[in-house]
Amino acid sequence: MSCKQEKKEIITEQPQAETTSKPPKKVLSPHTSAMAMIGDAHIHIDYSSPGVRNRMIFGGLLAYDQVWQAGAHMATWIETNKDLNIEGKELKAGKYGLFVIPNEEEWKIIFNTNWDQHGKDEYDEKDNVLQFKVTPKISEEVQEHLEYKITKTSDASGTMSLSWERVVIEFPFEVN
């Protein structure tokens with residue numbers, strides 16, 4: 001057919017295939033974030049939030065004493081525009097991967113310079129800039145989806161917390 005020829009639309013009837021409408025697929029680990037302003041510090045935690053879905057999480061799905069990216073899919077990251085003091089140590093303003101090593105008795109919290117990685121695929125201990133231990137609290141209630149919170153406790157301080165399944169960990173920080 002040349003450009004000058006008229007195009008004719010031909011419509012043929014096709015037998016209709018039966019279609020069943022499927023509900024949209026539910027995201028099992030939705031991407032989310034927690035943010036807060038503490039004084040003039042903007043603190044942002046970015047993570048994917050997996051669900052418990054009737055599984056044993058700590059000591060089951062996630063083995064004790066092994067590094068976990070503290071979320072699903074990509075490593076959880078935290079960004080602050082001001083230096084923070086955590087457990088008497090300074091966390092310089094910047095963006096960091098947040099990793100943990102869970103255990104029944106205590107958890108190691110790790111801030112690592114390699115924040116942009118899938119899971120813990122490229123985790124290397126030499127990139128750790130700050131680490132400390134916290135004691136987990138056991139809750140009576142199940143937290144179905146992993147949740148981070150940043151809570152202001154004064155104009156220059158706050159707490160960060162992670163809760164999932166029946167475990168809650170939290171630690172205080174101060175803005176420098």
Side-chain angles (χ1 to χ4, degrees), residues 29-52 57-59 61-117 119-120 123-176:
S29 300
H31 182 248
T32 190
S33 62
M35 290 180 257
M37 289 294 296
I38 311 291
D40 58 353
H42 179 261
I43 302 164
H44 180 154
I45 302 173
D46 187 273
Y47 63 105
S48 289
S49 175
V52 173
I57 303 300
F58 302 108
L61 178 67
L62 299 173
Y64 285 132
D65 303 313
Q66 291 186 13
V67 173
W68 173 48
Q69 71 266 19
H73 311 301
M74 298 299 288
T76 294
W77 56 260
I78 181 169
E79 185 170 29
T80 175
N81 66 335
K82 299 288 180 186
D83 296 348
L84 303 179
N85 185 310
I86 304 172
E87 295 291 315
K89 301 172 186 173
E90 186 175 60
L91 181 69
K92 293 279 191 193
K95 197 171 191 178
Y96 301 94
L98 178 60
F99 297 89
V100 298
I101 301 176
N103 182 292
E104 286 179 280
E105 306 300 318
E106 63 185 11
W107 284 37
K108 185 183 281 187
I109 311 299
I110 302 166
F111 293 87
N112 183 284
T113 57
N114 188 357
W115 62 269
D116 188 18
Q117 61 179 291
K120 59 183 181 184
Y123 173 80
D124 191 329
E125 197 173 310
K126 73 175 175 47
D127 296 325
N128 293 352
V129 294
L130 176 65
Q131 55 189 7
F132 55 92
K133 294 179 180 177
V134 298
T135 302
K137 298 174 188 169
I138 304 303
S139 171
E140 291 297 315
E141 308 242 342
V142 172
Q143 172 68 40
E144 177 61 31
H145 277 271
L146 172 67
E147 181 178 50
Y148 284 91
K149 289 183 183 175
I150 306 165
T151 307
K152 182 177 180 176
T153 55
S154 78
D155 285 341
S157 64
T159 60
M160 291 185 211
S161 66
L162 167 161
S163 57
W164 193 28
E165 190 190 39
R166 294 186 184 274
V167 177
V168 177
I169 60 164
E170 70 178 6
F171 54 90
F173 66 91
E174 293 177 356
V175 177
N176 288 347

Step-by-step side-chain contact (heavy atoms from CB on, under 4.5 Å) determination, L84 to M160:
CA-CA 12 Å; L84 303 179; M160 291 185 211; 3.9 Å; yes
Tell me whether R166 contacts the main-chain N or O of Q143 through its side chain, where contact means a donor paired with an acceptor under 3.5 Å.
no
To check you understand the geometry: which heavy-atom pair defines the closest contact between M74 and D116, and what is its length?
CE-OD1, 3.7 Å
NZ (K108) and CG (D65) are apart, to the nearest 0.5 Å, by 10.0 Å
Regarding H44 and N81, do their side chains bring together a donor and an acceptor under 3.5 Å, going by distance alone?
no
Looking at K149 and E170, does any basic side-chain N land under 4.0 Å from a carboxylate oxygen?
no
Any side-chain to backbone donor/acceptor pair from N112 onto D124? Under 3.5 Å, distance only.
yes
Tell me if a side-chain donor or acceptor on T153 pairs with a main-chain N or O of G158 at a distance below 3.5 Å.
yes
Heavy atoms only: give me the nearest S29-P50 pair and the separation to one decimal.
OG-CA, 3.3 Å
Interatomic distance, CG@L162 vs CD1@I109, rounded to 0.5 Å, equals 7.5 Å
Could you check I138 against V167 for side-chain contact (heavy atoms from CB on, under 4.5 Å), going step by step and ending with a plain yes or no?
CA-CA 5 Å; I138 304 303; V167 177; 4.1 Å; yes
Starting from the C-alpha separation in whole Å, work towards a yes-or-no answer on side-chain contact (heavy atoms from CB on, under 4.5 Å) for F173 and L91.
CA-CA 10 Å; F173 66 91; L91 181 69; over 6 Å; no
Mind checking the NZ-CG spacing from K92 to N176? Nearest 0.5 Å is all I need.
8.5 Å
A side-chain contact here means heavy atoms from C-beta on lying under 4.5 Å apart; do I78 and Y148 qualify?
no
In terms of heavy-atom contacts, I57 and G51 come closest through CD1-O, 4.5 Å
Roughly how far apart are E141 CD and E165 CD, rounded to 0.5 Å?
14.0 Å
Atom CG of N114 and atom CG of N128: how far apart are they, to the nearest 0.5 Å?
10.5 Å
For E90 and N85: C-alpha separation, side-chain torsions, deciding distance, then whether side-chain contact (heavy atoms from CB on, under 4.5 Å) applies.
CA-CA 5 Å; E90 186 175 60; N85 185 310; 5.8 Å; no
So with a 6.0 Å cut-off around NZ of K152, is the heavy-atom count from everything else above 12?
yes
Does a donor on one side chain sit under 3.5 Å from an acceptor on the other, for D127 and Y96?
no
Checking ring-ring contact (aromatic ring centres under 6.0 Å, His included) between W107 and each of W164, F171, F58, which is the one that passes?
F58
Looking at CH2 of W68 and CD1 of I110, how far apart are the two atoms once the value is rounded to the nearest 0.5 Å?
12.5 Å
Looking at every heavy atom in both S49 and T32, which two are closest together, and how far apart are they?
CB-CG2, 4.1 Å
Using atom types as modelled and distance alone, determine if a side-chain donor or acceptor of K82 lies under 3.5 Å from a backbone N or O of V175.
no
Kindly give the heavy-atom pair with the smallest separation between Y64 and N103, and that separation in Å.
CD2-CA, 3.4 Å
Does a sphere of radius 6.0 Å around CG in D155 hold more than 12 heavy atoms from other residues, nucleotides or ligands, not counting ones at 6.0 Å or beyond?
no
Does T76 offer a backbone N or O that forms a donor-acceptor pair with the side chain of Q69 under 3.5 Å?
no
If you compare all heavy atoms of Y47 against all heavy atoms of L146, which two are closest, and at what distance to 0.1 Å?
CE1-O, 3.5 Å
Using modelled atom types and a 3.5 Å cut-off, is there a donor and acceptor pairing between side-chain atoms of S48 and backbone atoms of G71?
no
